[in-house]
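This report concerns only the one structure given below.
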Amino acid sequence: MIYSVDVRIVAPVRDTEVTDRVADAVSNLFPNAELAHEPGELVAETHTLDPFSDKLHEQEILDTARREFEKRKTDEGFSFALKKQAAFKGLINFSVGNPDELGDIDVHVTVREPSVDDFIAYIAPPTKDGKPVDADHPDYRHD
């Protein structure tokens, strides 16, 4: 799929944390992101979520991802939060409820093409019996 997105990733860096470890956590999930150190936080930008999508497929958490993306979806995009400690280990763990004491990795996705719904379906396709369902498949539900 051809798409056009801007992804902004912001992770707080607490006084007790090593900035490089926070950078590694972000890079583990978003390897194409360009990182910049700013006072008290790490900011990264990328224009692809393909490696992130690959991890969603590997961890078999597509339905969870779709739910999280839908929670904070707008006409322009969507956002979500991730646990830093899991990201440091290369794992996706969505942050729900209260933020972690070290702060969460906040991800904001602005979608220019295609529609936000179509992009979410591309990154985290609907599943049936735990397997991704193609948009052309009769069981595909476009919410």
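Hydrogens, waters and symmetry mates are skipped; everything else that's a heavy atom, side chains included, is used.
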For residues [X] and [Y]: do they belong to one hydrophobic cluster (side chain heavy atoms under 4.5 Å, members Ile, Leu, Val, Met, Phe, Trp, Tyr)?
X     : Y      : answer
Val5  : Tyr122 : yes
Phe69 : Val10  : no
Val96 : Leu82  : no

[X] side, atom [atom1]; [Y] side, atom [atom2] - distance, nearest 0.5 Å:
X     : Y      : atom1 : atom2 : result
Asn93 : Thr64  : CG    : OG1   : 10.0 Å
Ile61 : Thr127 : CD1   : OG1   : 12.0 Å
Ser4  : Glu113 : OG    : CD    : 6.0 Å

- Can you establish whether the number of heavy atoms outside Glu34 located under 6.0 Å from its atom CD is more than 12?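 No, CD of Glu34 has 12 or fewer neighbouring heavy atoms, counting only those of other groups under 6.0 Å.
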On a heavy-atom basis, which atom in [X] and which in [Y] lie closest, and how many Å separate them?
X     : Y     : answer
Gln59 : Ile92 : OE1-N, 2.8 Å
Gly90 : Lys55 : O-NZ, 3.3 Å
Ala44 : Ala33 : CB-CB, 3.8 Å

Under 3.5 Å: donor-acceptor pair, side chain of [X], backbone of [Y]:
X      : Y      : answer
Asn28  : Ala87  : yes
Ser53  : Ile123 : yes
Glu68  : Phe94  : no
Asp118 : Pro114 : no

- Given Leu62, Leu49, Asp63, the one that forms side-chain contact (heavy atoms from CB on, under 4.5 Å) with Leu56: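 That would be Leu62.
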- Item | Those residues that, when tested against Thr48, pass side chain to side chain contact (heavy atoms under 4.5 Å, CB included) (two or more places apart) |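 Partners of Thr48 under the side chain to side chain contact (heavy atoms under 4.5 Å, CB included) test: Tyr3, Asn32, Thr46, Asp50, Pro51.
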- Item | side chain to side chain contact (heavy atoms under 4.5 Å, CB included) against Ala23, all qualifying residues, sequence neighbours excluded |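 If we apply the side chain to side chain contact (heavy atoms under 4.5 Å, CB included) test to Ala23, skipping adjacent residues, the hits are Leu35, Leu42.
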- salt bridge (Lys or Arg N to Asp or Glu O under 4.0 Å), paired with Glu70, selected from Lys73, Arg72, Arg67: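 The salt bridge (Lys or Arg N to Asp or Glu O under 4.0 Å) with Glu70 is passed solely by Lys73 among Lys73, Arg72, Arg67.
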- Message: Please tell me whether Phe80 and Phe52 form a close aromatic pair, meaning their ring centres lie under 6.0 Å apart.
- Response: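 That pair passes the under 6.0 Å test.
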- Message: Check whether Phe88 forms a cation-pi arrangement with Arg21 (NZ or CZ under 6.0 Å from the six-membered ring centre, at most 45° off the ring normal).
- Response: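 Yes; both conditions hold, so Arg21 lies above the ring face of Phe88.
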Side chains of [X] and [Y] in contact at under 4.5 Å (non-hydrogen atoms):
X      : Y      : answer
Pro125 : His57  : yes
Ile105 : Ile9   : yes
Lys128 : Pro126 : no
Lys83  : Asp104 : yes
Val7   : His47  : no

- Message: Quick one, Lys84 with Glu17, criterion salt bridge (charged side-chain N to carboxylate O under 4.0 Å, His left out). Give me CA distance, side-chain angles, the key distance, then yes/no.
- Response: CA-CA 11 Å; Lys84 268 198 256 181; Glu17 292 181 293; 2.8 Å; yes
- Message: What verdict does the side-chain contact (heavy atoms from CB on, under 4.5 Å) test give for His37 and Thr19, after you've listed the backbone C-alpha separation in whole Å, the side-chain angles of each residue and the deciding distance to 0.1 Å?
- Response: CA-CA 8 Å; His37 300 271; Thr19 303; 2.8 Å; yes
- Message: Could you check whether Thr110 and Asp6, counting side-chain N and O atoms only, form a donor-acceptor pair closer than 3.5 Å?
- Response: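 No pair is found: no donor N or O on one side chain lies under 3.5 Å from an acceptor on the other.
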